[in-house]
Every structure is written in C-alpha cells, then in structure tokens.
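Residue numbers start from 1 in every chain, and the chains themselves are labelled A, B, ... in the order their sequence lines are given, proteins ahead of strands.
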Amino acid sequence: MRVRFAPSPTGQLHVGNARTALFNWLLARRHDGTFLLRIEDTDAERSTRESERGILDDLRWLGLDWDEGPDVDGLHGPYRQSERLHLYASYANELLAADHAYHCFCSITRLEAERQADLAAGRPPMYKGTCRALSRSESHARTEAGERSVVRFRVPEREEVKFLDLVRGQVTFNTDVIGDPVIVRSDGRPQYNFAVVVDDALMEITHVIRGEDHISNTPRQILIYRALGFTPPEFAHLALVMGPDHTPLSKRHGATSVAEFRARGFLPEALTNYLALIGWSPGHGEELLEIGELARRFAIEDVGHSSGVFDPEKLAWMNRHYMKVAAPARLAAEALTYFVARGFVTRRTDAAVDFVVSLLPMAVGSVDRLEEIPERVRFLFEFDSGSALARADVAEVVSEPGARAVIAALAEELRAAGRLDRETFRAAAARVKQRTGQKGRALFHPIRVALTGEAGGPELDLAV
RNA sequence: GGCCCAUUCGUCUAGUGGCCUAGGACACCGCCCUCUCACGGCGGCGGCACGGGUUCGAAUCCCGUAUGGGCCUCCA
C-alpha cells in the first residue's frame, strides 16, 4: 500500500488538510504501507518555499512522518511538481500523439463570456469543445503563426465513469457533464488534474485519500489514467470539516491552521486525537487514543459519509486531558515559551524549566492550554496590593466582616514565623483561626487575597 | 441551473431489520467535593429532517421532498 499527502504550499497547513494527512498516515501505518509527501507547487504565483517549510514543520510536529518526500529521498522522486515538469510534458505529448488531447486556442475572454452566458441561461457552464475538431495541420499552422494555446484532454462522449469509493461506495458520473479539461496551460505548466494523475501513477500510489472537493475531479482523472494506460488507484473521499455555521471551516471561524493551534499551546496529541474523531470512531465509546493506538484501530471503510463541525470546546477538553498525562519536564519546556513571552522568565535555562515544573501542579487540570499557564500563576510574578484592592472581586472579599482581622493577624503570625513555607503557613493559619474565630471561607478567602492579590486561583497550600 | 454527495441530541458519534424505552463524549444545567477559579464524582436536559412505501417488525432497506455541502476555472 502506498498513500500520499499532496499539499500545495500556498499558505499554512489547515486543520482540514491536517486531518486528510492524518487519515492517509493512519492508513499507511495500519497496513505497514508507505506514506509519501508530494508538494503540488505548479501554481508558481502562490507557492512559496516558506509555506512548504511551514507545512513540513507542522506535519512533523503532529507526529506524522513520511517515508518519501521532498526532504527524504525515494525511488519515485523528485517530490516537488515543479521539479517534474519534463515528465508532464512527455506524457502530454503522448496524449496529443494518441489524439487523446488537442490544442485549444480559445481566449480566456471568450471562455469567460461563454461561461457567463451558460450561467445566465441556466445551463451548466462547460467548455463547448470549440477546438475539438481542429485538424492537426491547422493546429500546427496556428501555433507556428504565434497563437497561444492550451492542451485539453478529450473526454469521451456519453460514457458512464464509475468508481468504487472506499468511503462512499459506488459513484457514477456521465461524461456528458464533463467538459474537456485543460491539462497543459498556455505557459506550458501542467494543470492539476493532469499532474496529479501522472504523479500518482508514477509514484505507484495505490490509495488516494483526499477531500470531498475532489470527488467531481475523479472521473476526469480516471479517464486520463486510462488514456495513459495506467490503472487507476483506489479512491476515498473525505467529507469536509465545517465551522459552526456549517460552511467550510475558514479564517472567520477563528483559528484554522495547525500553526495557530500550536502557537496557542495545544499539544499535538490532542489535535491528532481530536481530528481523527471527526468522521471516524473506534467504537465502544472510546475517545482518548494516542496516535499509535489510532493507527492500530483505523479503517478507511469506517470513515463517516457526512461532514463534521469542528468543535474547539471538545479539542480543549482533550488538550486538558493530554496535559494531565504528559511528562512534566516536557510540558514545562513547552510552557516556558509563554512565560518568556509574558515577561515572567527572561532566560531559557534548566533552572527555569525546573521552576516551571514546580508550578505545573497549580495549573494542569485548570487551564485548557499551555499558553494559559503563566496567567494562572501570575501572582508569583506580579503582586501589587494597590491594584489588587482596586479590583471588585478582591475588594468584596476584603469587605467581608472579619476579613481585616484575619489579614492583620496573618501578617503578625507570618512576621513572627520569619519565613513562609507550607509548614509555617499551616501553623500560622491555625493560629489566625484561633485568634479571630474565623474558619472555612471566612478564614481562607481573605488569606488568599492577602497572599496572592487575587480572589481565585490554585490551591493555597500549593501556592504557598 | 446541472451533476455528485450527505442528513441520529446544540456538536462529534455508537447503531448495518428485532438486543433501541436510541448508547457514549463535549457543551449546558443541578448536586457533591471545596478557601476561590478549576479538576473530579454523581445526576439531569436533549436526537433518528419530513412524507410515502417494503416488512410480522425500520434509525437501519426503497422512493420522493426539504435542507446542507462539493464540483462545473489556463486554483489545487
């Protein structure tokens, strides 16, 4: 089994694409197959190396490794489409020679006008086949005369193209609704539907798992496979990930890229676990599965048919869970970044990591993300009685009957003790209780406010 | 507009003709725990889109309707 993830490097890795990558990876690992990464950078205007680096980085962070790819040599390279141009040219010539393809000289303005006319008339917009019947000599003559042209694939008329989709079952398209697709643009670059077929065939991909947005492209691609003499792979189309309003998840729904979730302090295992559960379930009500376990259980046939809504709340719940089970040293090293960003820690030293480790019990289980940890223990770094008292919730606690007496007594006891650690604190609190007659909330709430400047926060024992 | 695909609690899902009085999780609400915010424990609210069939029996099979999504680009 050979599967692939083929992003175009035109931006950050979107969680929807990350899920597609994950499903491919899970399938490959489940069957001891090969997972390869191919960069679809034929859109030269929008593709960047920076974006490619970012995507590779995000994939690695998620724990998805690839067996062949732009940075991992394999027998089927190169793995960037921009480095495979000669292959597309050669196969395009083959199609041309076999009359499976032809030159089209229609101008973009003409095509656009036709499209608008179709739309206005309520017809499906589709290429009319204007240049289909051009003779080879006429094509040649017009090209010689300097006319620009694209190469279109000749879609056979009135033919049913069927394929068995691994998640959807039998899917049928009639070629009457498919216009002849451009396979080579006028600047000589290959078009997606063509390049993807050449690559998947040459890279010996056995299973194409991709987003549902490609399902209508599939019959076109199958036709090209056949014309080229290749056997089409198995296909599986994944329903898309949606926002709360049931439109495809996008920027306006908030964070959508893996990089953003990473920057906000989500753990990769939480993200992969959560993403795997959109459209797939191991059954038995189990939900918390680390990536290796997901790989052992995953079956593409069990993937659901309908699109799922991305739920940040559930992701946050999973992240809380994984923060609880993660090794403290790892968590602290990751969280340190946020302490530095907040200005609480100035240097990333081992001592700083150790210090953050010691802080973890006050935060883990109480916050959703690593980024929220510094705020949870803010009182350790920023304490100002003036600004604390200016806050309504703090002022309210202090105004409670007996609160001032408790605080005054505490100050005396602590001063007498000469230091503040857990033992002296417990003893001091016990004496304050005795002296003031306050207990429970009336005793500890004022103490909390006096010690931390906040009305809420971690367990007092831990804070001390 | 045409074609393709989908439709179980607010959300993610279990369910593959009788085990369903539809199970779990997140969220929400309540109680407990508790110095606070959280965590945790217990409980509650809440769903088979609609209409026809098929069948002794349908969330499960068929048809239609509605709704949602995808594609119809010299973008991938």
Name the nucleic acid region contacted by [X], choosing base, sugar-phosphate or nothing; use a 4.0 angstrom heavy-atom cut-off, strictly under.
| X | value |
| --- | --- |
| A:Pro248 | sugar-phosphate |
| A:His214 | base |
| A:Val182 | sugar-phosphate |
| A:Gly456 | base |
| A:Asn174 | nothing |
| A:Met318 | nothing |
| A:Ser186 | base |
| A:Arg152 | sugar-phosphate |
| A:Gly457 | base |
| A:Leu277 | sugar-phosphate |
| A:Thr172 | sugar-phosphate |
| A:Glu454 | nothing |

Quiz item: Is it true that the side chains of A:Gln12 and A:Asp58 contain a donor and an acceptor less than 3.5 Å apart?
Solution: no
Self-check item: No-hydrogen, no-angle side-chain donor-acceptor test under 3.5 Å, A:Asn273 and A:Tyr322
Solution: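 Yes, A:Tyr322 and A:Asn273 have a side-chain donor paired with an acceptor closer than 3.5 Å.
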What is the separation between atom [atom1] on [X] and atom [atom2] on [N], rounded to the nearest whole Å?
| X | N | atom1 | atom2 | result |
| --- | --- | --- | --- | --- |
| A:Arg189 | B:A76 | CZ | P | 7 Å |
| A:Asp213 | B:G69 | CG | P | 14 Å |
| A:Met323 | B:A38 | CE | P | 16 Å |
| A:Gln170 | B:C3 | CD | C1' | 16 Å |
| A:Asp41 | B:C75 | CG | P | 14 Å |
| A:Leu275 | B:U13 | CG | P | 12 Å |
| A:Met126 | B:C71 | CE | C1' | 13 Å |
| A:Leu289 | B:A14 | CG | P | 14 Å |

Quiz item: Does a distance-only test, which skips hydrogens and angles, find a donor-acceptor pair under 3.5 Å between the side chain of A:Ser216 and the base of B:C4?
Solution: no
Quiz item: Checking only heavy atoms, does the side chain of A:Arg168 share a donor-acceptor pair with the base of B:C5 at less than 3.5 Å?
Solution: no
So what's [N] paired with, Watson-Crick or G-U wobble, going by both distances under 3.5 Å?
| N | result |
| --- | --- |
| B:C3 | B:G70 |
| B:A76 | none |
| B:G40 | B:C32 |
| B:G64 | B:C50 |
| B:A25 | B:U11 |
| B:G18 | B:C56 |

Quiz item: If you draw the axis of the six-membered ring of A:Phe298, does the NZ or CZ of A:Arg296 fall within 45° of it and under 6.0 Å from the ring centre?
Solution: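 No cation-pi geometry.
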Taking only the side-chain nitrogens and oxygens of [X], find out if one of them lies under 4.0 Å from OP1 or OP2 of [N].
| X | N | result |
| --- | --- | --- |
| A:Arg320 | B:A27 | yes |
| A:Arg185 | B:A76 | yes |
| A:Thr42 | B:A76 | yes |
| A:Arg115 | B:U73 | yes |
| A:Lys439 | B:C35 | no |
| A:His445 | B:C35 | no |

Quiz item: Is B:C56 in the syn range, within 90° of 0, or in the anti range?
Solution: anti
Quiz item: Of all the nucleotides listed (B:C35, B:C74, B:C12), which has the minimum atom distance to the side chain of A:Arg448?
Solution: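 That would be B:C35.
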Self-check item: Euclidean distance for C1', B:C45 against B:A27 (whole angstrom)
Solution: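 Each nucleotide's C1' atom is 12 Å from the other's.
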Self-check item: Nearest-Å distance once atom P is located in both B:C50 and B:A66
Solution: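 Approximately 16 Å lies between the P atom of B:C50 and that of B:A66.
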Self-check item: Heavy atoms of other groups near A:Arg148 CZ, more than 12 under 6.0 Å
Solution: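 Open: at most 12 neighbouring heavy atoms sit under 6.0 Å from CZ of A:Arg148.
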Quiz prompt | Residue mapping more 5' on RNA chain B - nearest nucleotide basis, A:Ser281 or A:Glu287 | solution = A:Ser281
Self-check item: Nearest-nucleotide 5' precedence on RNA chain B, A:Arg46 against A:Leu119
Solution: A:Leu119
Quiz item: Relative to the ring of A:Phe344, is the ring of A:Phe381 parallel (under 30°), tilted (30 to 60°) or perpendicular (over 60°)?
Solution: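 It falls in the parallel class, under 30°.
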Self-check item: Whether A:Phe235 and A:Tyr225 hold their rings parallel, tilted or perpendicular, with breakpoints at 30° and 60°
Solution: perpendicular
Practice problem: Nearest 0.5 Å please: distance from the NZ atom of A:Lys251 over to the CG atom of A:Leu249. | Solution: 9.0 Å
Exercise. Applying salt bridge (Lys or Arg N to Asp or Glu O under 4.0 Å) between A:Asp180 and each of A:Arg132, A:Arg152, A:Arg154, report the one that passes.
Key: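 Result: among A:Arg132, A:Arg152, A:Arg154, A:Arg132 is the only option passing the salt bridge (Lys or Arg N to Asp or Glu O under 4.0 Å) with A:Asp180.
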